[in-house]
Amino acid sequence: MNKNRLSPALASALNAQMTKEAYASQIYLSFASWADTQGFEGVATFLFRHANEERNHMMKILEYILKRGAPVTIAAIPAPPAHPASINNCFEMVFAHEVDNTTSIYKLAKMSMDEEDWATWNFMQWFVKEQVEEETLALKLLDKMKIAGGDKAPTDTLYLLDSELLKGPDKARAAEDVTTENP
Ligand code: OFO
């Protein structure tokens with residue numbers, strides 16, 4: 001009896017998305033480490049938290065594939081892009097990455113709809129909603145940077161923005177405190 005409830009195409013696309021979420025985590029880890037090295041502790045904390053979130057997204061997909069009886073393939077994670085040139089550039093790259101990931105999530109949602117795999121379609125809606133939140137968050141940061149002068153933002157303004165991110169609710173949570181249901 002075949003217990004695999006995912007089509008080969010959808011299983012393969014979900015596995016690819018799982019690796020993409022791992023890649024996103026690597027990007028955030030890389031940018032967070034870069035920000036910390038530059039002395040931006042608040043930006044680093046914010047980005048480290050997101051690295052955790054992306055890893056949890058990866059786990060959420062992994063658990064779903066297993067739950068549907070399909071094979072999970074752990075693949076190599078591509079290297080993250082080069083370090084940003086500035087804090088403004090860092091937020092620009094974060095936003096561009098999130099938009100790219102949204103495109104990929106939409107493709108999966110469409111695939112599941114075309115296949116009439118309503119379980120996967122329903123599962124993907126969590127990610128559709130999550131991407132709206134993540135894009136909004138990145139856009140808000142970009143808006144703040146724009147007001148501050150973008151790449152020409154003065155050091156004291158960057159200091160204030162960094163302090164704001166440090167004391168905000170975006171403090172990195174320990175990996176053991178988060179769940180795949182509530183990343
Ligand atoms: Fe996984 O949400 Fe961002 O990329």
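Whatever order the structure lists them in is the order used to number ligands and atoms, beginning at 1. Predicted model only: the values in this text are computed from it and were never measured.
Less than 4.0 angstrom separates some heavy atom of H97 from each of these atoms of ligand 1: 4 (O).
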Mind listing the side-chain donor-acceptor pairs of residues 24-37 below 3.5 Å, one per line with the distance, residues two or more places apart or on another chain?
from: S25; atom 1: OG; to: A51; atom 2: O; distance (Å): 2.8
from: Y28; atom 1: OH; to: E98; atom 2: OE2; distance (Å): 2.6
from: S33; atom 1: OG; to: L29; atom 2: O; distance (Å): 2.8
from: T37; atom 1: OG1; to: S33; atom 2: O; distance (Å): 2.7

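Annotation: side chain of L14 is in contact with side chain of M124 (closest heavy-atom distance under 4.5 Å).
Taking a cutoff of 4.0 Å between a charged side-chain nitrogen and a carboxylate oxygen, R5 and D117 do not qualify as a salt bridge.
Of all heavy-atom pairs spanning N15 and P71, the tightest one is ND2-O, 3.1 Å.
For atom 1 (Fe) of ligand 1, the neighbouring protein N/O/S atoms at less than 2.8 Å, given as residue and atom, are E21 OE1, E54 OE1, H57 ND1.
A donor-acceptor pair is defined here as one N or O able to donate and one able to accept, closer than 3.5 Å; no such pair exists between the side chain of D162 and the backbone of L158.
M113 shares a hydrophobic cluster with W118, W121; the chain of contacts runs through ILVMFWY side chains whose heavy atoms sit under 4.5 Å apart. Taking a 4.5 Å side-chain heavy-atom cut-off between Ile, Leu, Val, Met, Phe, Trp and Tyr, the cluster of V132 contains only that residue.
Within the 4.0 Å heavy-atom criterion, neither part of H50 lies near ligand 1.
The distance criterion of under 3.5 Å between nitrogen or oxygen atoms is not met by Y28 with respect to ligand 1.
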